[in-house]
Amino acid sequence: GEDVEQSLFLSVREGDSSVINCTYTDSSSTYLYWYKQEPGAGLQLLTYIFSNMDMKQDQRLTVLLNKKDKHLSLRIADTQTGDSAIYFCAESSNDYKLSFGAGTTVTVRA
Amino acid sequence: NAGVTQTPKFQVLKTGQSMTLQCAQDMNHNSMYWYQQDPGMGLRLIYYSASEGTTDKGEVPNGYNVSRLNKREFSLRLESAAPSQTSVYFCASSGFSGSVYNEQFFGPGTRLTVL
């Protein structure tokens, strides 16, 4: 599969903004996704962006896509303790498979 | 509407034993997937089934077999378990039908330890 890379850990203070970054290599990616995994659970889709968009906002979440640099980011405003989880970046092109990054573990401290 | 269900939730095997992980979805999805998750490795695709009656290898198929029993069910079999197969296994499904948007819905996972 294609490579998707993320930093492994992020620590953030409650109430601050979190920014999780992701880079990918497949220039034919059509959709890019952010999934959230809470402890002991499966992954849940948080948000996604189509490749012809630069930005998508959904309540506290902002996704930025720089297609030229193949860079995706997820910003969580006013981070809460319930946002502590592993966040996975994933991309898909014109087939059945998603390629996932290794996941970024976000720890929210009081 | 239970979504994607997996059984068992936990399993301990001895090296060389066999077992089947079960997965079912009630969303009438065409496509189903089996992933392996290890710390720091993300999710790696083991096998997938684009539609009922078809299965294909993913990134890491060695040591596994799958069966798409019907549209709802997709099982993963370990014929002779090895310690390297200690992992968390996730099943997922999607309504993907050849269009580009491929939201996948995940089950809660099976935590497998091979001694």
Side-chain angles (χ1 to χ4, degrees), chain A residues 1-10 20 22-53 56 58 63 67 72 85-106, chain B residues 2-7 9-10 21 23 25 27 29-52 54-61 68 74 88-111:
Chain A
E2 302 297 335
D3 287 338
V4 179
E5 293 191 356
Q6 306 175 235
S7 52
L8 292 184
F9 301 100
L10 176 68
I20 308 167
C22 169
T23 58
Y24 61 97
T25 58
D26 186 358
S27 57
S28 66
S29 295
T30 47
Y31 278 92
L32 295 117
Y33 309 81
W34 284 104
Y35 278 83
K36 179 183 180 182
Q37 184 183 29
E38 296 186 358
L43 281 70
Q44 273 194 302
L45 183 68
L46 205 54
T47 187
Y48 66 92
I49 189 166
F50 187 49
S51 59
N52 69 353
M53 298 169 66
K56 180 179 180 182
D58 183 1
V63 179
K67 198 172 179 184
L72 181 74
I86 304 176
Y87 292 81
F88 291 91
C89 170
E91 60 90 19
S92 65
S93 52
N94 294 326
D95 65 16
Y96 291 90
K97 292 172 275 189
L98 294 184
S99 293
F100 286 89
T104 300
T105 300
V106 174
Chain B
V4 180
T5 56
Q6 292 183 237
T7 55
K9 285 191 167 49
F10 300 93
L21 282 64
C23 173
Q25 52 91 9
M27 295 174 280
H29 282 165
N30 292 320
S31 303
M32 297 185 73
Y33 309 81
W34 277 105
Y35 290 93
Q36 182 178 31
Q37 184 184 28
D38 295 305
M41 299 286 290
L43 276 78
R44 291 179 292 174
L45 183 64
I46 306 172
Y47 271 94
Y48 67 103
S49 170
S51 60
E52 188 179 354
T54 69
T55 60
D56 284 287
K57 294 178 181 179
E59 287 178 73
V60 288
R68 183 75 183 265
F74 188 38
V88 182
Y89 292 87
F90 287 101
C91 177
S93 71
S94 75
F96 186 76
S97 57
S99 67
V100 295
Y101 179 64
N102 189 8
E103 179 181 356
Q104 295 185 10
F105 294 80
F106 284 78
T110 295
R111 282 143 187 85

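Chain identifiers are assigned alphabetically (A, B, ...) following the order of the sequence lines, protein sequences preceding nucleic acid strands; residue numbering begins at 1 within each chain.
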A.B. asks: Please classify the contact between B/Arg111 and chain A as side chain, backbone, both or neither, with a heavy-atom cut-off of under 4.5 Å.
C.D. replies: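 Just the side chain, heavy atoms under 4.5 Å.
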A.B. asks: Decide side-chain hydrogen bond (donor to acceptor under 3.5 Å, both in side chains) for B/Tyr35 and B/Gln104; before the verdict, give the C-alpha distance in whole Å, the side-chain angles of both, and the deciding distance to 0.1 Å.
C.D. replies: CA-CA 12 Å; B/Tyr35 290 93; B/Gln104 295 185 10; 2.7 Å; yes
A.B. asks: Which is it for B/Tyr48 and B/Ser31 under the side-chain hydrogen bond (donor to acceptor under 3.5 Å, both in side chains) test, yes or no, and what are the steps along the way?
C.D. replies: CA-CA 7 Å; B/Tyr48 67 103; B/Ser31 303; over 6 Å; no
A.B. asks: Applying ring pair (Phe, Tyr, Trp, His ring centres under 6.0 Å), can you list everything that pairs with B/Phe105, at least two apart in sequence or on another chain?
C.D. replies: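 Listed in chain order: B/His29.
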A.B. asks: If I measure from the heavy atoms of chain A, does B/Gln6 come under 4.5 Å with its side chain, its backbone, both, or neither?
C.D. replies: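 Contact with chain A is absent: no heavy atom of B/Gln6 under 4.5 Å.
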A.B. asks: Could you work out, with side-chain contact (heavy atoms from CB on, under 4.5 Å) as the rule, every residue matching A/Thr104, not counting sequence neighbours?
C.D. replies: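 A/Thr104 satisfies side-chain contact (heavy atoms from CB on, under 4.5 Å) with A/Gln6, A/Ser7, A/Leu10, A/Ile20, A/Val106 only.
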A.B. asks: What part of B/Leu43 gets closer than 4.5 Å to chain A, counting heavy atoms only: side chain, backbone, both or neither?
C.D. replies: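 Both parts, heavy atoms under 4.5 Å.
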